[in-house]
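Contents: one structure, followed by commentary.
Note that ligands are numbered from 1 as they come in the structure, with each ligand's atoms numbered from 1 the same way.
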Amino acid sequence: MNICVIGTGYVGLVTGVCFASLGHTVTCVDINEERVDNINSGRPPIYEVGLEEMLKDVLEGGNLSATTDLKTAVQGSEISFICVGTPSGLLGDIDVRFIEQVGRDIGKFLTDDYHVIVMKSTVVPGTTEFSLIQLLESTSEKKAGRDFGVAMNPEFLREGTAIEDFLNPDRIVVGGIDERSTEAVAALYEEFDAPLMRTSPRTAEMIKYATNSFLATKISFINEIGNICKPLDIDSYEVARGLGLDSRISPSFLRSGLGFGGSCFPKDVKAIVGKAKEVYYHPVVLNAALELNETQPLRLIRLAESKIGSLNGKDVVVLGLSFKPGTDDMREAPSIRIISSLLKKGAVVHATDPQALDGAREILGEKVNYYDNAKDAIKHGDLVFIVTEWDDFKDEGLYKGKIVFDGRNIKEARVAKYYEGICW
Ligand code: UGA
């Protein structure tokens with residue numbers, strides 16, 4: 001099939017490259033010319049494991065190209081995926097400016113050929129049916145369901161394993177406005193070995209939010225258990241093992257520590273809380289999950305202060321800046337809150353990360369001393385905070401003779417002269 005993918009962030013590019021690798025002809029569209037040029041030259045504008053190699057393969061095979069020309073891309077394909085960003089709005093809602101712009105533009109370019117427009121961006125329930133369709137209809141002067149199709153097909157891609165998650169999903173959810181739209185999208189996943197759920201667009205939108213909200217809540221839950229375990233001298237990871245063996249619970253997403261960051265969990269939970277308020281519901285559990293997550297990173301600092309006293313004037317080595325390993329993404333990373341607080345307390349911060357140094361510099365500025373690797377960083381202080389669990393930091397040699405406060409449970413760090421875990 002000829003597929004148009006609009007937006008070349010990590011969702012759009014991974015979607016485009018994966019569909020192309022399955023033999024479809026994909027045109028990726030972005031308004032940013034530099035991005036488009038980079039993609040056409042085989043350089044993905046984002047870091048994602050395996051993406052560069054796969055992009056080069058599909059470019060060579062002629063299955064993918066990128067362009068800024070939306071009109072030609074839409075008119076040359078049968079199906080368009082909207083994969084543009086939905087950043088947080090000022091009130092914790094989502095900013096749908098890009099979605100609206102794309103909706104209007106696609107509408108202008110629809111012809112008499114039947115075309116299906118698929119929302120892949122994460123949007124609150126009702127957005128596809130009420131906003132997107134209205135924009136498409138008003139600019140195309142055509143009727144959804146009769147002249148063109150519309151569906152919502154959420155993504156469940158984790159940064160760092162996005163390709164693997166795309167090609168081997170737990171499930172596929174397709175929420176079409178009618179059978180024709182649903183089946184056009186379902187056909188793309190025919191070869192996938194995963195259950196495919198057919199729903200309404202708003203149910204598909206809600207499944208995405210429910211999934212991320214559940215996982216975020218699961219993390220806050222285990223952090224809460226961990227915060228209780230710590231003063232009782234109980235290892236929360238042992239508790240999590242016992243908990244996860246219950247088949248009703250499952251062992252994943254039970255790693256306690258500094259809490260969740262990234263571009264999705266914090267934003268999505270806030271957005272669904274906002275949507276709940278619109279329908280006069282006050283979500284108690286979701287608000288609690290967010291509240292606990294706000295304060296969790298600072299517990300590492302409080303733990304250190306309670307054991308060694310004031311951090312004023314002390315050299316602190318921070319291992320890890322990105323919100324999780326395997327990505328250069330700094331969005332909502334616990335490192336931001338931890339380092340800002342350390343600086344406020346007068347500590348001298350020496351930080352390192354295998355991927356996120358550039359991003360961190362932009363956010364944290366030059367008050368922090370940055371190092372390319374942990375070996376160099378660790379020379380600058382005996383006090384070490386572990387903030388992201390990169391494999392590079394799983395090296396006993398780094399910790400010998402050090403005082404370590406661990407936010408991510410790195411086993412190798414336990415050889416330190418003095419070691420404390422946040423929840424264990
Ligand atoms: C998340 C979801 O896992 C994806 O399914 C979803 O598609 C994506 O959001 C999205 O909505 O686009 P991602 O943000 O890449 O993916 O990262 P995760 O691997 O889920 O981790 C999120 C955060 O939770 C990280 O900060 C991680 O350190 C933290 N986490 C995760 C824990 O603190 N404990 C755990 O046990 C697991």
> Does some side-chain heavy atom of D376 sit less than 4.5 Å from a side-chain heavy atom of Y370?
Replying inline: no
N/O donor-acceptor pair under 3.5 Å between [X] side chain and [Y] backbone:
X    : Y    : value
D165 : R158 : yes
N293 : F260 : yes
E389 : I410 : no

>> Please output the residues near ligand 1 using a strict heavy-atom distance under 4.0 Å, listed in chain and residue-number order.
In response: Y10, E155, F156, L157, R158, E159, K208, N212, I219, F253, L254, R255, G259, F260, G261, C264, F265, D268, F323, K324, R408
> Do NZ/NE/NH1/NH2 and the carboxylate oxygens of K275 and E278 come within less than 4.0 Å?
Replying inline: yes
> Checking R171 against F156: charged group under 6.0 Å from the ring centre and within 45 degrees of the axis?
Replying inline: yes
